[in-house]
Amino acid sequence: MEKSFEPARIESKWYEQWEASGAFRPSGQGEPYCILLPPPNVTGTLHMGHAFQQTVMDMLVRHQRMRGMNTLWQVGTDHAGIATQKIVENQLATEDKTRHDLGRDAFVERVWKWKEESGSTITNQMRRIGAAADWSRERFTMDEGLSAAVRKVFVDWYRAGLIYRGNRLVNWDPVLGTAVSDLEVNNVERDGHMWSIRYLTTDGAASLVVATTRPETMLGDVAVAVHPEDERYAHLIGQTLHLPLTGRQIPVIADDYVDREFGTGCVKITPAHDFNDYAIGQRHKLAPITIFTLDAKVNDNAPEKYRGLDRYDARKAVLGDLEASGLLVETRAHKLQVPVSQRSDAVIEPMLTDQWFVDLTCEVQADGRPGGRKAITGPALEAVRSGEIRFVPENWANTYTQWLDNIQDWCISRQLWWGHRIPAWYDEAGNIFVGEDEADARAHAAAAPVGALRQDEDVLDTWFSSALWPFSTLGWPADGPVKNERGEVVANWDEDQIFLPSAVLVTGFDIIFFWVARMVMATKYFTGRIPFREVYINAIVRDAEGQKMSKSKGNTLDPLDLIDGIALEPLVAKSTKSLLIPQVRAKVEKRIRRDYPDGIPAIGTDALRFTFAALASYSRTINFDIKRAEGYKAFCNKLWNAARFVLMNLPEGQVPAPAGAPATEAERWILTRLKQTLAEVEQHFASYRFDHLAQALYEFVWNEYCDWFLELSKPALNGDDTAAAASTRHTLLVVLEAVLRALHPVIPFITEEIYQEVAKVFVRSSMSAKDTPSSLPDSSTKSILQSTYPQAADFATDDEAAAEIEWFKAVLSGVRRIRSEMNIPPGKTIALLLADGDANDRTRVAKFTPQVAFLARTEAPRWIESGAGEPAAAAAVVGGLRVLIPLAGLIDLDAEKARLAKEIGRIEGEIKKCEGKLGNANFVANAPAEVVAQERQRIADWNGTLGALREQAARLQNP
RNA sequence: GGGUGCUUAGCUCAGCGGUAGAGCGUCGCCCUUACAAGGCGGUGGUCGUAGGUUCGAUCCCUACAGCACCCACCA
């Protein structure tokens with residue numbers, strides 16, 4: 001093995017071999033275990049959130065596969081309607097073209113071309129992360145099979161009366177020129193104004209003042225509303241107002257939606273451009289007046305003067321004219337919530353348009369019966385409320401149910417070209433025909449179409465196809481095998497439905513509504529099953545300061561830069577590339593030069609993955625700090641070098657196993673600790689506590705196996721006892737091998753590399769059946785992927801050995817502390833005397849003499865009579881035993897006195913605490929007996945130690 | 001306006017009813033033949049504030065403060 005761990009060298013070779021071996025595919029044996037990849041945007045690139053989330057999935061999948069489960073990690077990509085269309089439109093823009101210049105067919109063809117070119121970027125990046133996914137079943141939300149599923153779902157829901165088309169007020173993105181769903185709108189706080197405008201009654205006898213943040217919409221006002229019980233305006237209700245600038249007349253209506261306390265208590269009603277006003281308009285049977293075109297310019301329903309003006313220009317014009325006519329009463333600053341399109345940042349304009357909706361409040365059930373619960377959301381709510389689907393952490397279940405309880409119909413049509421075209425046709429009379437294709441639509445028509453049919457121009461919301469992911473990827477609704485464009489079978493519903501429900505969905509809280517809830521709705525409706533048993537909501541990855549990573553802040557980290565490293569200049573260039581504002585650019589550059597003066601060091605995939613695991617507690621956010629990752633790279637190096645040590649201490653070629661139980665206490669202790677660690681790991685996997693899992697293995701490997709067992713093995717390997725040496729060699733290897741398998745789901749590359757080295761020296765046939773889990777490697781081993789996950793049950797505990805090693809560690813630590821605090825050079829061999837102690841101590845000293853001498857750099861310990869003849873010495877106290885290092889020429893007497901005094905002080909403090917408790921009659925009476933007993937034991941132990949320390953201190957005072 | 005989190009060592013975070021922990025940082029001594037990406041030893045915290053429950057509270061309850069995030073129709 002190389003002298004140090006070099007991730008780049010070993011990572012490059014394993015992934016290809018693994019994938020080619022077919023080991024990532026379901027084994028066909030054992031219980032099904034499936035994880036669905038949240039399909040990333042096909043044109044996307046891997047960011048830290050993906051890398052984190054996919055590491056979590058990969059750990060689960062690798063673990064379960066090693067446990068013998070029939071494991072499927074279903075992967076694929078999403079066509080991402082708006083995002084992808086925008087990318088290609090931006091490309092066209094550089095050629096001074098729009099999509100309309102190409103026409104729909106040519107444009108869509110061009111998007112497909114772009115998808116073919118760049119669609120594998122993210123999947124190749126996933127491979128760099130080590131994702132053990134079944135690529136042979138990779139799907140795309142617009143591939144043939146998934147498109148068929150989309151059509152069937154649409155048609156079935158339509159025929160069940162659960163999808164309808166209607167002219168409704170929707171969130172309209174005037175830049176993208178499409179409707180978007182409620183979820184795709186963010187409300188952001190902006191500084192704006194509140195304007196007060198006076199409306200006069202038509203008889204000129206009275207007036208009222210309305211307050212508005214959008215004065216331009218007055219052009220579409222159809223009424224002014226006041227509260228029915230508002231005495232100030234009671235006399236105006238039913239009267240007619242003169243709507244300024246328009247020549248129109250509008251009524252004053254009463255509606256208790258109006259808040260008397262807010263503003264003037266008078267609300268202008270613009271049903272065509274405000275959701276509340278729309279509802280009021282409907283209640284009062286007032287026809288809405290649309291005053292904007294689809295690109296948010298004033299249309300012909302407004303006075304000629306304003307036509308063609310952009311909405312904000314119209315605002316200025318309207319305000320100017322109101323001011324001129326003396327009707328503008330007040331202008332004041334006002335903070336308001338502005339609805340903004342998530343995709344384009346454009347301010348949303350509510351618009352009356354024809355759209356398709358999924359009816360989420362309808363109570364007709366799938367079999368046509370009217371039911372007492374909502375047909376689509378009812379079962380989705382029950383699945384979570386009943387605990388059939390479990391959220392981890394569980395409080396997210398509230399978020400889920402609260403949203404579903406208050407859900408509105410889902411607007412699913414988008415005025416885009418890239419996506420699933422809606423399977424609906426219109427005849428020349430405007431009648432609607434829905435079917436999987438035109439023929440099917442005709443066949444199901446109630447009456448013959450009038451003239452020719454033309455298909456609906458719109459496409460479906462991307463999330464419509466994502467909602468089907470749990471079953472569409474498994475081959476639903478096809479009867480036989482589903483093939484990809486290369487003719488390979490990618491799914492077969494008859495066989496693959498064993499993977500529904502999947503075991504766990506690993507995803508972010510930001511798509512609980514967009515995706516999780518909709519998958520439950522669709523999957524329950526069409527298959528009767530839940531899509532997954534558990535939903536593990538992973539944390540959001542932020543930068544080291546806790547800031548959200550975003551390109552506009554220039555604080556994103558590319559996971560591949562962490563893996564491969566990147567020099568400063570390319571990093572600066574990359575991070576500032578998309579920043580157009582010079583000040584921001586300069587600031588980001590400065591920060592990067594400060595934080596990464598030498599660029600980012602290459603830490604490798606394994607260290608990155610271990611870092612993600614170590615950070616994956618139940619907290620909502622994780623702050624990613626490179627320092628932490630560097631620490632875990634050191635861990636990988638530690639493991640690497642431990643393996644080197646073990647292997648270089650093995651005789652050429654093979655390791656014969658000793659007969660019987662391990663020969664030394666150290667071996668029995670480390671095996672005991674291994675067993676405990678494996679038991680913990682199993683629990684942490686079950687509870688998704690990857691942070692604890694990582695920490696348990698980290699501590700075992702570093703603080704126990706390396707720090708103690710490897711060190712203890714040295715005297716054993718070099719000693720005269722050949723049986724102990726042989727046994728130790730064997731145990732070194734057995735524990736290393738188990739650790740490799742235990743760590744493999746977290747750090748797959750390095751564990752495989754070392755495992756292969758281990759396989760060369762393991763001789764399976766020489767081992768007793770009990771010591772030989774079937775997975776132990778030997779020269780025939782191909783991959784650690786084929787090994788089984790180590791179980792606590794594979795190993796035995798030995799409490800006596802564990803106690804002896806704890807004793808040994810205490811003795812050694814005592815000596816080390818004296819050495820360090822007395823500034824005795826590490827290389828200097830010193831004398832070691834022992835006094836007092838019981839028979840147990842004598843036995844142990846005899847047993848561990850070589851280890852103590854070797855690790856503490858002392859001469860062989862000698863027992864002395866305690867009493868007047870003792871030499872002046874520094875002492876450590878272990879139970880009743882005093883471990884003495886003679887002062888002669890080595891030790892500063894005063895320093896030792898001070899050291900003892902400090903230690904005595906500390907122990908006195910502990911004793912005081914114990915006494916406080918035991919002196920409290922209520923404690924003794926009420927606390928559980930074992931707690932009281934424990935406290936008594938502690939005080940006895942402390943007193944023993946204190947006595948020995950005081951005796952020692954007294955001896956130094958009067959030598 | 002509703003809801004959900006968070007507040008523990010200089011930093012980032014575990015712990016969550018019975019002796020305050022980790023990583024990184026920091027200080028001291030060491031290139032001891034697995035590893036200087038290392039070894040050994042230290043320093044560092046009245047666990048946001050105030051009450052309450054309890055024999056005992058960082059942990060449970062209540063209120064408050066600060067910080068995040070989500071949902072929502074105040075013009």
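Within every chain, numbering begins at 1; the chains are lettered A, B, ... in the order of the sequence lines, protein sequences first and strands thereafter.
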Checklist entry - What does C266(A) touch in the nucleic acid at a heavy-atom separation under 4.0 angstrom: a base, only the sugar-phosphate, or nothing? => result nothing
Item to check | Donor-acceptor pair between Q695(A) and E699(A) side chains, under 3.5 angstrom | outcome: yes
Item to check | Dot-bracket encoding of pairs in RNA chain B, which uses [ ] for pseudoknotted crossings and | for another strand, Watson-Crick or G-U under 3.5 angstrom | outcome: ((((((((.[[[[.)..(..]]]].(((((.......))))).....[[[[[..)....]]]]])))))))....
Checklist entry - Got a salt bridge between D625(A) and K627(A), using NZ or NE/NH1/NH2 to carboxylate O under 4.0 Å? => result no
Item to check | Donor + acceptor pair across side chains of T217(A), K268(A) (<3.5 Å) | outcome: yes
Checklist entry - How are the rings of W396(A) and F509(A) set to each other: parallel, tilted or perpendicular (split at 30° and 60°)? => result parallel
Next on the checklist: Regarding K902(A), tell me which of base, sugar-phosphate or nothing describes its non-hydrogen contacts under 4.0 Å with the strands shown.
Outcome noted: sugar-phosphate
Checklist entry - Rounded to whole angstroms, how far apart are CD on Q337(A) and C1' on G2(B)? => result 14 Å
Checklist entry - Does T399(A) put a side-chain nitrogen or oxygen below 4.0 Å from OP1 or OP2 of C70(B)? => result no
Checklist entry - E6(A) or K268(A): which one's nearest nucleotide on RNA chain B is closer to the 5' end? => result E6(A)
Checklist entry - In whole Å, what separates the P atom of U58(B) from that of U46(B)? => result 13 Å
Next on the checklist: At 4.0 Å (heavy atoms only), tell me whether T212(A) reaches a base, stays on the sugar-phosphate, or touches nothing.
Outcome noted: sugar-phosphate
Checklist entry - At under 4.0 Å, does any side-chain N or O of K638(A) touch on OP1 or OP2 of G39(B)? => result yes
Item to check | Whole-angstrom distance between C27(B) and A34(B), as gauged at atom P | outcome: 29 Å
